[in-house]
Amino acid sequence: MLQKILALPVEDKIFYAVLVFSWTVYIWEAYLAHRQRKVYSTTMHVPTELGKIMDSETFEKSRVYQLDKSNFGFWSGLYSETEGTLILLLGGIPLLWKMSGNLTAHFGFGPEYEISQSLVFLMLATLFSAFTGLPWSLYNTFIIEEKHGFNQQTLGFFLKDAVKKFAVTQCILLPVTSLLLYIIKIGGDYFFIYAWLFTLAVSLILVTIYADYIAPLFDKFTPLPDGELKSDIESMSKSINFPLTKVYVVEGSKRSSHSNAYFYGFFKNKRIVLFDTLLEDYSPLNNAGGTEPATGEENEVAGNESKSKPKNKKQGCSNHEVLAVLGHELGHWKLGHTVKNIVISQMNSFLCFFLFAVLIGRKELFMAFGFYDSQPTLIGLMIIFQFIFSPYNELLSFCLTVLSRRFEFQADAFARNMGRSSELYSALIKLNKDNLGFPVADWLFSTWHYSHPPLLERLRALTGPKQD
């Protein structure tokens, strides 16, 4: 058996190595998910140490919600892995490239117009992905999220939103990709430097304009009204020299009752965005007919739906708790976490482009995926970044998860040092309840997947001895 494998052509070894690694990762992820599902299935009662922070009704709701999501994740993950394997085995990538060439030829563009063919290929690939993913997204939104009271969307809103997202994505993706391919083709021996600088510029521009020009295409952003909360946010920002210019409230309740909060901007132009579902005094979900905006949250638990439904229990946090959550978020800025993440991301991007430059001339990489007569640049990017780098990407992802948890502890400690420990403590409990987070996790699953520490660990850190 080993001799047969060693006797295979290099391109076949590459192809089967990619398949084997892909399924190895899937099996590992499925094993971790199974461990966590076992926790959901067997932890039927509130553990003693959680008795003071979570009632049995909320505990059961969160357990069932997370179990439903885990079961859904198993089937959607199995489908995704099977679909990807079939595409590779049946030559789906070279087939789609050929179809793209036929389409461009129909309009008078021959094989020499590789960038045009690449854009058609990209559009067809994203269209295929959108259609195959639509049933799963519909089920997740209108069955699971609806069942557990989070979905606020109508079917019409959902479909309209999906079309809008696809259109906006194409408007950004196609021009950026065409320019990147052009830079790679004319860049000479040092094209990887120019390509990296281009992607750096694009990422910075998108981060800068997202909340002002892209996000408002999907959600309503309104300035936080003058009042005590706004004054307190401005005072807190000033106390740590955070260059705040505006505070917005986004109508997240139109989609989901999940909550979120974030800041964005560079240099002296920072803005804070709060989801209305985060603010107890603003959330329309606390009123039968309320329409006022509210604000965001710290826990990065974004949602995907929204219709104004009254709740028995108040949604969101008090003003003091919102300030504590923002103290945590501003801690990320003050401690340099945002800059550190950007630096790590760009170092990784530069390394990947450099290795791409080293590997792009290897014909066997293209032959492994069915490209025997041509070596399109876009296909090379896909093969190298998605398949060849996959072991490295998995390792990097885990390392960034570990780093993220460390940053979260540090940001919590920053809020604590601002004198907002008790408010952050109660805010974390409320947000966990509002989002039906399950507070019990398998240690291996949480180590591999959780970018935020489990709730109990964060609460213990907030009440334990202070650390530098």
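No experiment lies behind these values; they were computed from the predicted model shown.
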Taking every non-hydrogen atom, the tightest pair across [X] and [Y]:
X	Y	value
M54	G437	CE-O, 3.9 Å
Y425	T463	CE1-CG2, 3.6 Å
F166	L127	CZ-CD1, 3.6 Å
A415	G327	CB-C, 3.9 Å
F263	T338	CZ-OG1, 3.7 Å
S349	T199	OG-OG1, 3.9 Å

Keeping the roles fixed (side chain from [X], backbone from [Y]), state whether a donor-acceptor pair exists under 3.5 Å.
X	Y	answer
S404	L400	no
T401	S451	no
R420	F414	no
T447	W443	yes
K270	Y264	no
N417	A413	yes
R35	A441	no
S80	S76	no
D442	L444	yes

Run the numbers on E29 and W448 for side chain to side chain contact (heavy atoms under 4.5 Å, CB included), then give the verdict. CA-CA 9 Å; E29 295 282 0; W448 187 260; 3.2 Å; yes

Tell me if the [atom1] atom of [X] is crowded by more than 12 foreign heavy atoms within 6.0 Å.
X	atom1	result
K160	NZ	no
K38	NZ	no
F221	CZ	yes
Y79	OH	yes
K246	NZ	no
F21	CZ	yes
K238	NZ	no

Is it true that [X] and [Y] have ring centroids separated by less than 6.0 Å?
X	Y	result
F353	F191	no
W75	W136	no
Y40	F438	yes
F389	F356	no

Under a 4.5 Å cut-off applied to non-hydrogen side-chain atoms, are [X] and [Y] in contact?
X	Y	result
H452	F409	no
L459	I429	yes
R460	L456	yes
I360	I184	no
M236	F242	no
F150	I144	no
L335	F407	no
Y248	L274	no

Test: side chain to side chain donor-acceptor pair (under 3.5 Å). Region: residues 62-72. Which pairs qualify, not counting sequence neighbours? R37-S70, E60-R63, Y65-E145, Y65-H258, D68-K147, D68-H148

Once side chain to side chain donor-acceptor pair (under 3.5 Å) is applied, what residue pairs with a partner in residues 382-399 remain, sequence neighbours excluded? N348-Y392

Straight-line distance of [X] [atom1] to [Y] [atom2], nearest 0.5 Å:
X	Y	atom1	atom2	result
T58	N432	OG1	CG	9.5 Å
F72	L67	CZ	CG	14.0 Å
D55	K61	CG	NZ	8.5 Å
T377	L181	OG1	CG	6.0 Å
T277	E251	OG1	CD	10.5 Å
L200	S345	CG	OG	9.0 Å

Q346 vs S203, test: side chain to side chain contact (heavy atoms under 4.5 Å, CB included). Steps then yes/no. CA-CA 10 Å; Q346 292 309 314; S203 63; 3.8 Å; yes

Candidate pair D232 and N319, rule side chain to side chain contact (heavy atoms under 4.5 Å, CB included), full reasoning: CA-CA 9 Å; D232 288 343; N319 286 356; 5.8 Å; no

Assess the residue pair F142 and N151 against the criterion (side chain to side chain contact (heavy atoms under 4.5 Å, CB included)); give the C-alpha distance rounded to whole Å, side-chain angles, the decisive distance to 0.1 Å, and a yes or no. CA-CA 7 Å; F142 292 100; N151 177 47; 3.6 Å; yes

[X] and [Y]: side chain donor to acceptor below 3.5 Å:
X	Y	answer
S318	E321	yes
T141	Q153	no
T85	W23	yes
H449	Q36	no

Using the test ring pair (Phe, Tyr, Trp, His ring centres under 6.0 Å), find all partners of F218 that sit at least two apart in sequence or belong to another chain. none

side-chain hydrogen bond (donor to acceptor under 3.5 Å, both in side chains) between E408 and H332, intermediate numbers included: CA-CA 8 Å; E408 292 302 318; H332 284 305; 3.2 Å; yes

Who passes side-chain contact (heavy atoms from CB on, under 4.5 Å) against L395, sequence neighbours left out? C399

Identify, with sequence neighbours excluded, every residue that meets side-chain contact (heavy atoms from CB on, under 4.5 Å) alongside Y213. I209

Go through D434 and K430 one step at a time and tell me if the salt bridge (Lys or Arg N to Asp or Glu O under 4.0 Å) criterion holds. CA-CA 6 Å; D434 286 348; K430 281 188 178 181; over 6 Å; no

Sort and list the pairs that fulfil salt bridge (Lys or Arg N to Asp or Glu O under 4.0 Å) and have at least one residue in residues 203-215, not counting sequence neighbours. D212-R271

